[in-house]
Amino acid sequence: MLKDYLSIRPEIQSALSAGKPVVALESTILSHGMPYPQNLDFGRRVEKIIRDEGAAPATIAILDGKLKVGLNDAELERMCRAEDVGKVSRRDVPVYLATGKAGATTVATTMLISELTGIRVFATGGIGGVHRGAETTMDISADLQELAHTSVTVVSAGVKSILDIGLTLEYLETMGVPVLGMRTKDFPAFYCRESGFKVDYALRDEEEAARIMKAKWDVGMKGGMIVANPIPEEYAMDSKYMNGIIAQAVAEAKEKGIRGKMITPFLLARIVELTGGESLASNIQLAFNNARCASRIAVAYSRL
Ligand code: PSU
Ligand code: MN
């Protein structure tokens, strides 16, 4: 039974029961997306941002055979130290539950667990997508399938150009996933406010995002939505410079034969090194910005 596997923190359970806003956060961004101890400081501060906006933060992970919704400080620290913490996408969930291994949840699994719990809004940095060269590797993140089927709104700063952004957007169109720009028509490229691609619709504000979610789910359409929220101007990086760095990191990954689930963590770590840490500061700020946006959407949705 589901309840044998689900462990929800009391603070979050009572918010959900009362129809109050809750925002989910993933743990792969902590365990495999940022170095220690910056990830721990980030993990604590992002929760505070959500609380300050009037929502309850629920960082999600798989620990001790349970789907954990909301972590205490010791659990957060464990995820950030990331010793013996795997990266858990949809296919890995049953293995981690049955064996008790510690797992950091990706966008796909965080959505899955959010839906099981009743959480409708989730803030992250960037989602996975169609990798460059996917026409031969078939490397397409399970995040995209999850967005097609699981009814959770994901606030992200677009996708990194470690992916093929054009193909990622085509795939999302095929899967029927709305891609909405927060106050912009430009689909953002994570560190940069523009990718050269456009979104389907520009949202006027967070309240409009909430009304679109309600309309979609009211008529019985399953599946998620992407709110693409560009990095704040003051933290955005030069796109020529970043594209050069990313091209170098992608070439190194290819040379080293890195494939499958370790490719994204490898590229993220390399990009931080190659930019001398500058990309990490931007990554942290864009994720804070997404948490703020997601909280406002969750608050608006709870009032509808
Ligand atoms: N992109 C980022 N930072 C991340 C990830 C992606 O800029 O931390 C993580 C997310 O957890 C995402 C996952 O769900 O990588 C995608 O991995 P894969 O491509 O193996 O599905
Ligand atoms: Mn992959």
Side-chain angles (χ1 to χ4, degrees), residues 24-36 38-39 42-43 46 59-62 79-80 82 85-93 103-114 122-148 150 152 154-165 167-168 171-172 188-192 195 224 226 228-231 237 242 245-246 249-250 253-254 258-272 275 279-291:
L25 297 163
E26 59 155 309
S27 43
T28 291
I29 190 175
L30 302 172
S31 303
H32 304 288
M34 288 181 193
Y36 184 86
Q38 288 93 334
N39 53 1
F42 165 78
V46 75
T59 303
I60 290 178
I62 301 186
M79 298 315 291
C80 291
V85 174
K87 177 180 162 189
V88 178
S89 193
R90 175 176 264 269
R91 64 166 184 185
D92 309 296
V93 170
T105 53
T106 63
V107 169
T109 25
T110 306
M111 287 182 75
L112 171 73
I113 298 166
S114 296
F122 160 25
T124 185
I127 58 165
V130 180
H131 277 264
R132 295 189 192 180
E135 59 276 20
T136 51
T137 63
M138 287 186 68
D139 190 349
I140 299 173
S141 174
D143 292 354
L144 300 186
Q145 280 291 332
E146 206 66 43
L147 279 156
T150 303
V152 174
V154 180
V155 181
S156 89
V159 300
K160 282 203 184 70
S161 47
I162 59 174
L163 302 173
D164 187 318
I165 298 178
L167 290 187
T168 300
Y171 194 97
L172 289 166
F190 203 81
Y191 305 112
C192 311
S195 63
I226 294 175
N229 189 33
I231 183 171
M237 297 180 72
M242 276 319 286
I245 298 275
I246 289 168
V250 170
K254 198 165 177 191
I258 293 164
R259 288 186 295 123
K261 71 196 273 183
M262 287 330 290
I263 189 140
T264 302
F266 173 84
L267 293 174
L268 295 179
R270 237 359 234 146
I271 291 166
V272 172
T275 60
S279 70
L280 179 60
S282 290
N283 192 348
I284 288 171
Q285 291 299 330
L286 68 84
F288 286 161
N289 192 48
N290 293 344

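Being a predicted model, the structure only gives us computed values, none of them experimental. When a ligand or atom number is given, it counts from 1 through the structure's own listing order.
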Proximal atoms of ligand 1 relative to [X] (non-hydrogen, under 4.0 Å):
X: His131; answer: 19 (O)
X: Phe190; answer: 7 (O)
X: Ile29; answer: 8 (O)

Which residue supplies the protein heavy atom nearest to [atom], what is that atom called, and how far is it?
atom: atom 4 (C) of ligand 1; value: Leu268 CD1, 3.5 Å
atom: atom 11 (O) of ligand 1; value: Glu26 OE1, 2.6 Å
atom: atom 21 (O) of ligand 1; value: Ser141 OG, 2.7 Å
atom: atom 9 (C) of ligand 1; value: Thr28 CG2, 3.9 Å
atom: atom 15 (O) of ligand 1; value: Thr264 CG2, 3.7 Å
atom: atom 1 (N) of ligand 1; value: Gly126 O, 3.5 Å
atom: atom 2 (C) of ligand 1; value: Lys160 NZ, 3.1 Å
atom: atom 20 (O) of ligand 1; value: Lys87 NZ, 2.8 Å

What pair of heavy atoms forms the shortest contact from [X] to [Y], and how long is it?
X: Ala108; Y: Asp143; result: N-OD1, 2.9 Å
X: Ala104; Y: His32; result: CB-CD2, 4.0 Å
X: Ile29; Y: Ala287; result: CD1-CB, 4.5 Å
X: Gly126; Y: Phe190; result: N-CE1, 3.2 Å
X: Ser89; Y: Ala142; result: OG-CB, 3.5 Å

Measuring from [X]:[atom1] to [Y]:[atom2], what's the distance to the nearest 0.5 Å?
X: Leu147; Y: Thr150; atom1: CG; atom2: OG1; value: 8.0 Å
X: Gln285; Y: Tyr191; atom1: CD; atom2: OH; value: 13.5 Å
X: Phe122; Y: Ile113; atom1: CZ; atom2: CD1; value: 10.0 Å
X: Glu26; Y: Ile60; atom1: CD; atom2: CD1; value: 10.0 Å
X: Cys80; Y: Leu30; atom1: SG; atom2: CG; value: 4.5 Å
X: Ile127; Y: Ser156; atom1: CD1; atom2: OG; value: 5.0 Å

One residue to check: [X]. Relative to ligand 1, which of side chain, backbone, both or neither has a non-hydrogen atom less than 4.0 Å away?
X: Thr106; value: both
X: Asp143; value: side chain
X: His32; value: neither

ask   = By residue and atom, what protein N/O/S atoms are less than 2.8 Å from the Mn ion (ligand 2)?
value = Asp139 OD1

query = Any side-chain donor-acceptor pair under 3.5 Å between Thr110 and Thr105?
reply = yes

query = Going by atom types only, do Thr109 and Thr106 share a side-chain donor-acceptor pair under 3.5 Å?
reply = yes

request  = Compute the minimum heavy-atom distance from Met34 to ligand 1 and say whether it is under 4.0 Å.
outcome  = no

ask   = Is there any N or O on Gly260 that sits under 3.5 Å from an N or O of ligand 1?
value = no

request  = Could you tell me whether Asp139 and Arg132 have a side-chain N and a carboxylate O separated by less than 4.0 Å?
outcome  = no

